[in-house]
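A short worksheet on the structure shown next.
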Amino acid sequence: QVQLVESGGGSVQAGGSLRLSCAASGTIFRFNAVGWYRQAPGKQRELVAGITSGGSTNYADSLEGRFPISRDHAKNTVYLEMNSLKREDTAIYYCYTKKVEGPTRWTDYWGQGTQVTVSS
């Protein structure tokens, strides 16, 4: 069973930085895209950043480039560098990957989430 484990969350003052990590069992990240999502209470889960197996990235425009995503295939780990944090960034952050198993078959994998709390 694929397991995604997020780490690096915590409490930080506005303007500070955190680096989130998502470690996966096996080598699933090598062949599949990975995304960081976040969800605040009462809000829908939203995509923060994504990265493909080839290294292409995409970001939520609202983040203004503050949260670059990267990956280390050797460690089977994906990172989210969170800079210039704002109170509105407070949320649970989830790591996600979609394992494609066929033209019409895939499996979604989510980590358990890591809490990020930004205070001012």
Side-chain angles (χ1 to χ4, degrees):
Q1 182 177 6
V2 174
Q3 293 184 340
L4 308 181
V5 180
E6 303 98 333
S7 62
S11 298
V12 65
Q13 293 289 321
S17 299
L18 288 172
R19 190 188 193 192
L20 305 184
S21 299
C22 177
S25 60
T27 58
I28 188 171
F29 286 173
R30 179 177 293 273
F31 307 106
N32 299 277
V34 182
W36 280 101
Y37 290 74
R38 69 182 182 184
Q39 187 168 23
K43 303 292 185 179
Q44 288 190 325
R45 189 170 297 184
E46 62 179 349
L47 176 67
V48 175
I51 187 167
T52 69
S53 60
S56 298
T57 58
N58 67 288
Y59 301 95
D61 291 340
S62 61
L63 295 178
E64 302 174 329
R66 294 184 293 117
F67 292 0
I69 188 172
S70 62
R71 68 194 309 164
D72 185 336
H73 283 124
K75 297 181 179 180
N76 210 31
T77 300
V78 173
Y79 304 96
L80 184 71
E81 190 73 34
M82 307 172 67
N83 303 306
S84 301
L85 283 161
K86 306 173 181 179
R87 287 194 64 185
E88 53 263 41
D89 296 321
T90 295
I92 301 175
Y93 285 73
Y94 297 90
C95 182
Y96 164 83
T97 191
K98 181 178 182 179
K99 184 178 184 295
V100 178
E101 301 167 339
T104 60
R105 182 175 179 174
W106 63 90
T107 303
D108 296 325
Y109 295 98
W110 292 91
Q112 77 283 356
T114 185
Q115 178 71 48
V116 172
T117 302
V118 184
S119 60
S120 62

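Quick note: numbers below take in every heavy atom, side chains included, and nothing from hydrogens, waters or symmetry partners.
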- How many angstroms lie between atom OG of S120 and atom CG of L85, to the nearest 0.5 angstrom? 12.0 Å
- Is it true that F67 and I69 fall in one hydrophobic cluster, defined by side-chain heavy atoms closer than 4.5 Å? yes
- Query: What is the minimum heavy-atom distance between S119 and Q13, and which atoms define it?
  - Reply: OG-NE2, 3.1 Å
- Do the side chains of V12 and M82 get nearer than 4.5 Å, heavy atoms only? no
- Message: Tell me whether the count of non-hydrogen atoms from other residues, nucleotides or ligands lying under 6.0 Å of CH2 in W110 goes above 12.
- Response: yes
- Item | Inter-residue atom distance S7.OG - R19.CZ, 0.5 Å rounding | 10.0 Å
- Evaluate the criterion side-chain contact (heavy atoms from CB on, under 4.5 Å) for residue pair T90 and Q115; output intermediate values, then yes/no. CA-CA 8 Å; T90 295; Q115 178 71 48; 4.0 Å; yes
- CD of E46 to CZ of R38: how many Å apart, nearest 0.5 Å? 4.5 Å
- So do L47 and N58 actually touch side chain to side chain, heavy atoms under 4.5 Å? yes
- Task: Determine yes or no for a side-chain-to-main-chain donor-acceptor pair under 3.5 angstrom, with E6 supplying the side chain and Q112 the backbone.
- Result: yes
- Answer yes or no: is there a side-chain heavy-atom contact under 4.5 Å between V48 and L63? yes
- Query: Is the shortest heavy-atom distance from the side chain of Y109 to the side chain of N32 under 4.5 Å?
  - Reply: no
- Message: Over 60° means perpendicular and under 30° means parallel, so tell me whether Y37 and Y96 are parallel, tilted or perpendicular.
- Response: perpendicular
- Message: Membership question, hydrophobic clusters at under 4.5 Å side-chain separation (ILVMFWY): are L18 and Y79 in the same one?
- Response: no
- Message: For T107 and E101: C-alpha separation, side-chain torsions, deciding distance, then whether side-chain contact (heavy atoms from CB on, under 4.5 Å) applies.
- Response: CA-CA 7 Å; T107 303; E101 301 167 339; 3.0 Å; yes
- Message: If you compare all heavy atoms of L80 against all heavy atoms of A49, which two are closest, and at what distance to 0.1 Å?
- Response: CD1-CB, 4.0 Å
- Inter-residue atom distance Y94.OH - I92.CD1, 0.5 Å rounding: 4.0 Å
- Atom of S25, atom of V2 and distance for their closest heavy-atom approach: OG-CA, 3.4 Å
- Query: Do N83 side-chain atoms and R66 backbone N/O form a donor-acceptor pair below 3.5 Å?
  - Reply: yes
- Where do V116 and L20 land on the side-chain contact (heavy atoms from CB on, under 4.5 Å) test, with the steps shown first? CA-CA 9 Å; V116 172; L20 305 184; 4.1 Å; yes
- Does atom CG of D108 have more than 12 heavy-atom neighbours from other groups under 6.0 Å away? yes
- Sort out for me which residue in T114, V34, T77 forms a side-chain contact (heavy atoms from CB on, under 4.5 Å) with C95. V34
- Are E81 and S70 linked by a side-chain donor-acceptor pair shorter than 3.5 Å? no
- Taking every non-hydrogen atom, the tightest pair across R71 and H73: NE-NE2, 3.1 Å
